[in-house]
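One structure is given here, and the rest of the page talks about it.
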Amino acid sequence: MWGIIGAIVGVLVIGRVASAAISAGGGGGGAGKPSAGPKYKITVPKSLVGGEYTLAENISQQADSQVPHDGANSHGVRTVGGQYTAGTKTLVMIGMYGTIDDADTSVDHMIEGMTNAPGAEVGVPEKKFTPSGGGKPLTCGVDMKNQAGQKVTFPFCVWGTSSTTANVALVDAADPAKDPKSIDLQALADTASKIRDEVQVPVSG
């Protein structure tokens with residue numbers, strides 16, 4: 001079951017990243033445009049959240065082949081991702097790194113790409129959450145997808161900087177059609193913040 005759910009979530013998340021890369025508009029020339037090269041990149045560790053989630057499949061090649069390396073708001077972009085599991089839970093992490101003109105625009109385009117996907121609908125509108133342990137806010141919400149008669153509810157969190165944009169989506173096969181309003185998005189934001197610290201690393205040199 002987790003493989004089917006992971007595939008659904010993975011396709012949607014990759015679509016969201018592609019939207020961020022190719023959408024028109026953005027912060028070109030704006031105050032948020034970086035003057036130097038990227039400071040961080042996104043990696044795909046063998047595990048996440050201190051070993052709670054284990055990498056089941058590295059989907060970086062698939063993701064990078066579907067996302068343009070240059071867009072209206074992103075330049076010299078590489079895309080990576082992985083599907084992770086912990087018991088009945090599937091977590092998909094997709095990230096892109098390069099030069100991002102405007103981080104907020106990139107986050108917005110990611111979420112729009114998800115919401116506008118065929119068969120997708122918003123379960124809980126996205127809003128910003130500050131991690132309980134401190135740190136920069138993340139934008140989190142809940143989307144739903146109907147595919148082949150299977151309803152899947154998956155919460156997500158997105159973050160963006162001048163050199164990275166990434167998201168985390170989570171599904172539990174034990175209750176794939178969970179009521180979206182019952183999901184604790186603050187808890188997900190706390191988890192996603194830990195993941196951000198694990199996958200986002202400085203560019204050497």
Legend entry - Derivation of the side chain to side chain contact (heavy atoms under 4.5 Å, CB included) call for Tyr97 and Ser163: CA-CA 5 Å; Tyr97 61 93; Ser163 52; 5.7 Å; no
Output yes when a side-chain donor or acceptor of [X] lies under 3.5 Å from a complementary backbone atom of [Y], and no otherwise.
X	Y	result
Thr161	Thr164	yes
Asp64	Thr79	yes
Glu198	Gly50	yes

Can you name the closest pair of heavy atoms from [X] and [Y] and give their distance?
X	Y	answer
Leu138	Pro131	CD1-CG, 3.7 Å
Gly81	Ile94	CA-CD1, 3.9 Å
Phe129	Cys140	CD1-CB, 3.7 Å
Thr88	Ala174	OG1-CB, 3.8 Å
Pro180	Val142	CB-CG1, 3.6 Å
Gly95	Ala166	CA-CB, 3.6 Å

Inset, instruction - Check the surroundings of atom CD in Gln61: do more than 12 heavy atoms from other residues, nucleotides or ligands lie under 6.0 Å from it? - result: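 No, not enclosed.
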Can you tell which of [options] makes a side chain to side chain contact (heavy atoms under 4.5 Å, CB included) with [X]?
X	options	result
Phe156	Val168, Asp143, Thr139	Asp143
Gln186	Asp190, Ile183, Leu188	Asp190
Ile42	Arg196, Arg78, Gln200	Gln200

In Å, rounded to the nearest 0.5 Å, how long is the span from [atom1] of [X] to [atom2] of [Y]?
X	Y	atom1	atom2	answer
Tyr84	Leu170	OH	CG	13.5 Å
Asp104	Thr165	CG	OG1	10.0 Å
Asn73	Ser106	CG	OG	5.5 Å
Tyr53	Gln83	OH	CD	13.5 Å

Any side-chain heavy atom of [X] sitting closer than 4.5 Å to one from [Y]?
X	Y	answer
Thr85	Leu91	no
Pro176	Thr153	no
Val199	Pro45	yes
Pro155	Leu185	yes
Phe154	Met144	no
Met93	Asn167	no
Pro202	Tyr40	yes
Ser74	His69	no

Inset, instruction - Show your reasoning for whether salt bridge (charged side-chain N to carboxylate O under 4.0 Å, His left out) applies to Asp172 and Lys178. - result: CA-CA 9 Å; Asp172 190 344; Lys178 188 173 182 177; over 6 Å; no
Inset, instruction - For side chain to side chain contact (heavy atoms under 4.5 Å, CB included), just list the numbers for Val171 and Lys89, CA-CA rounded to whole Å, side-chain angles, deciding distance to a tenth of an Å, and then say yes or no. - result: CA-CA 6 Å; Val171 174; Lys89 296 179 181 179; over 6 Å; no
Inset, instruction - Mind checking side chain to side chain donor-acceptor pair (under 3.5 Å) for Asp108 and listing every partner two or more places apart, or none if nothing turns up? - result: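 With sequence neighbours excluded, Asp108 shows a side chain to side chain donor-acceptor pair (under 3.5 Å) to no residue whatsoever.
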Inset, instruction - With sequence neighbours excluded, tell me which residues meet side chain to side chain donor-acceptor pair (under 3.5 Å) with Ser60. - result: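 Ser60: side chain to side chain donor-acceptor pair (under 3.5 Å) contacts with Asn58.
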Legend entry - Worked verdict on Leu48 versus Thr54 for side chain to side chain contact (heavy atoms under 4.5 Å, CB included): CA-CA 7 Å; Leu48 292 175; Thr54 301; over 6 Å; no
Legend entry - Thr105 and Asp102 side chains, donor-acceptor separation under 3.5 Å: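 Yes.
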Inset, instruction - Apply side chain to side chain contact (heavy atoms under 4.5 Å, CB included) to the pair Leu55 and Val44, showing each step before the final yes or no. - result: CA-CA 8 Å; Leu55 180 66; Val44 183; 3.9 Å; yes
